[in-house]
Amino acid sequence: MKLEIVLTSVQQEAADSLLAHLAVSPVAVLRGVAGAGKTAILKAVQAVRGGVFLGAQQFMNERQAQGPAAIEEAFFRMIEDAIENHDLVLVDGLSLVTNAARGGGHGRVHLLDAALTAILAEARVLGRKLVFAVEEDIPWPILRRAHIVQVADLAD
């Protein structure tokens with residue numbers, strides 16, 4: 001059974017913009033408030049372009065399987081594995097990781113930035129494309145390389 005993903009006109013506009021930018025850019029960010037439909041947009045893009053979807057639930061499952069490892073380690077291990085095996089990696093839940101890093105102080109934020117820089121470099125070498133979904137803050141290694149697609153607030 002194949003489920004059809006139904007997007008609002010605002011979400012469809014964001015999905016179309018992501019697809020257009022993926023044709024020319026290796027990194028994109030989908031930014032929007034909680035409930036704006038970022039997950040649905042990523043899944044719609046995946047339905048069109050293929051690739052792999054990595055969400056918060058997968059990160060938490062991986063973290064539990066690893067034991068006491070930090071969420072960041074599970075996050076990066078999953079992305080590295082996905083980059084090796086897929087041309088397009090859609091990452092939902094980047095805010096979960098950035099919030100955890102911010103809660104750990106400047107040292108953890110610097111580790112997050114270093115790990116993201118390494119992931120972006122590996123993706124570039126392998127010719128892979130990455131899309132990250134965030135609510136607000138975009139880590140600087142991604143911000144300086146990515147095209148940003150804003151999902152309009154539903155209240156607008």
Side-chain angles (χ1 to χ4, degrees), residues 5 7 11 14-15 17-19 21-22 25-154:
I5 300 167
L7 301 177
Q11 294 166 342
S17 182
L18 269 178
L19 288 166
H21 289 290
L22 283 172
S25 176
V27 182
V29 173
L30 180 62
R31 180 168 54 188
V33 299
K38 296 181 298 294
T39 300
I41 293 166
L42 290 180
K43 289 189 176 190
V45 168
Q46 181 188 24
V48 171
R49 285 284 314 265
V52 64
F53 175 88
L54 302 176
Q57 188 60 52
Q58 288 101 325
F59 300 135
M60 297 308 286
N61 291 345
E62 179 70 14
R63 180 180 181 208
Q64 287 177 343
Q66 291 179 16
I71 185 73
E72 297 97 321
E73 184 177 336
F75 175 80
F76 294 117
R77 180 171 293 142
M78 289 184 71
I79 292 176
E80 285 178 335
D81 290 346
I83 287 171
E84 289 178 14
N85 297 303
H86 301 278
D87 291 336
L88 174 62
V89 179
L90 304 149
V91 181
D92 195 17
L94 182 60
S95 295
L96 175 72
V97 178
T98 57
N99 291 342
R102 271 197 311 267
H106 291 298
R108 239 168 122 181
V109 171
H110 291 303
L111 289 173
L112 171 67
D113 287 347
L116 284 170
T117 298
I119 284 171
L120 292 167
E122 182 179 351
R124 182 177 177 194
V125 167
L126 295 173
R128 307 302 199 231
K129 298 199 182 250
L130 296 165
V131 177
F132 297 94
V134 301
E135 288 181 19
E136 291 180 26
D137 296 331
I138 302 169
W140 76 266
I142 295 172
L143 183 61
R144 56 185 269 238
R145 292 173 177 88
H147 175 79
I148 299 167
V149 174
Q150 180 72 42
V151 180
D153 189 347
L154 299 176

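Looking at residues two or more places apart in sequence or on another chain, you find no side-chain hydrogen bond (donor to acceptor under 3.5 Å, both in side chains) involving His110. Residues passing the ring-ring contact (aromatic ring centres under 6.0 Å, His included) test with His21 are His147, sequence neighbours excluded. Residues passing the salt bridge (charged side-chain N to carboxylate O under 4.0 Å, His left out) test with Asp81, sequence neighbours excluded: none. In terms of the side-chain hydrogen bond (donor to acceptor under 3.5 Å, both in side chains) criterion, residue partners of Arg128 (sequence neighbours excluded) are, by chain and number, Asp87.
For residues 111-126, every residue pair satisfying the side chain to side chain donor-acceptor pair (under 3.5 Å) rule, not counting sequence neighbours, is listed here: Asp113-Trp140.
Counting all heavy atoms, side chain and backbone alike, Leu88 lies closest to Gly50 at CD2-O, 3.6 Å.
With Ser17 as the fixed residue, the side-chain contact (heavy atoms from CB on, under 4.5 Å) test singles out one of Ile148, Leu30, Val149: Val149.
Rounding to the nearest 0.5 angstrom, the gap separating the CD atom in Glu135 from the CZ atom in Arg31 is 12.0 Å. In this structure, Gln46 CD and Ile5 CD1 are separated by 7.5 Å, a value rounded to the nearest 0.5 Å. In this structure, CD1 on Ile79 lies 6.5 Å from CD1 on Ile83, to the nearest 0.5 angstrom. Annotation: the span from Arg145 atom CZ to Leu116 atom CG amounts to 9.5 Å, rounded to 0.5 Å. Atom CG in Leu130 sits 10.0 Å away from atom OG in Ser25 (nearest 0.5 Å).
Remark: side-chain polar atoms of Gln11 are paired, donor with acceptor, to backbone N or O of Ala36 under 3.5 angstrom. A donor-acceptor pair is defined here as one N or O able to donate and one able to accept, closer than 3.5 Å; such a pair exists between the side chain of Thr98 and the backbone of Ser95.
Looking only at side-chain heavy atoms (C-beta outward), Ile138 and Phe132 stay at 4.5 Å or farther from each other. At least one side-chain heavy atom of Leu94 sits less than 4.5 Å from a side-chain heavy atom of Pro139. Within the 4.5 Å cutoff, the side chain of Leu111 has no heavy atoms near those of the Phe76 side chain. Two residues are said to be in side-chain contact when any heavy atoms from C-beta on lie closer than 4.5 Å; Asn85 and Val52 fail this criterion.
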N/O donor-acceptor pairs under 3.5 Å from side chains in residues 37-45, not counting sequence neighbours:
| unit_1 | atom_1 | unit_2 | atom_2 | d |
| --- | --- | --- | --- | --- |
| Lys38 | NZ | Gly32 | O | 3.0 |
| Lys38 | NZ | Val33 | O | 3.0 |
| Thr39 | OG1 | Asp92 | OD2 | 2.4 |

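The neighbour count for Glu84 CD, taken as heavy atoms of other residues, nucleotides or ligands under 6.0 Å away, is above 12.
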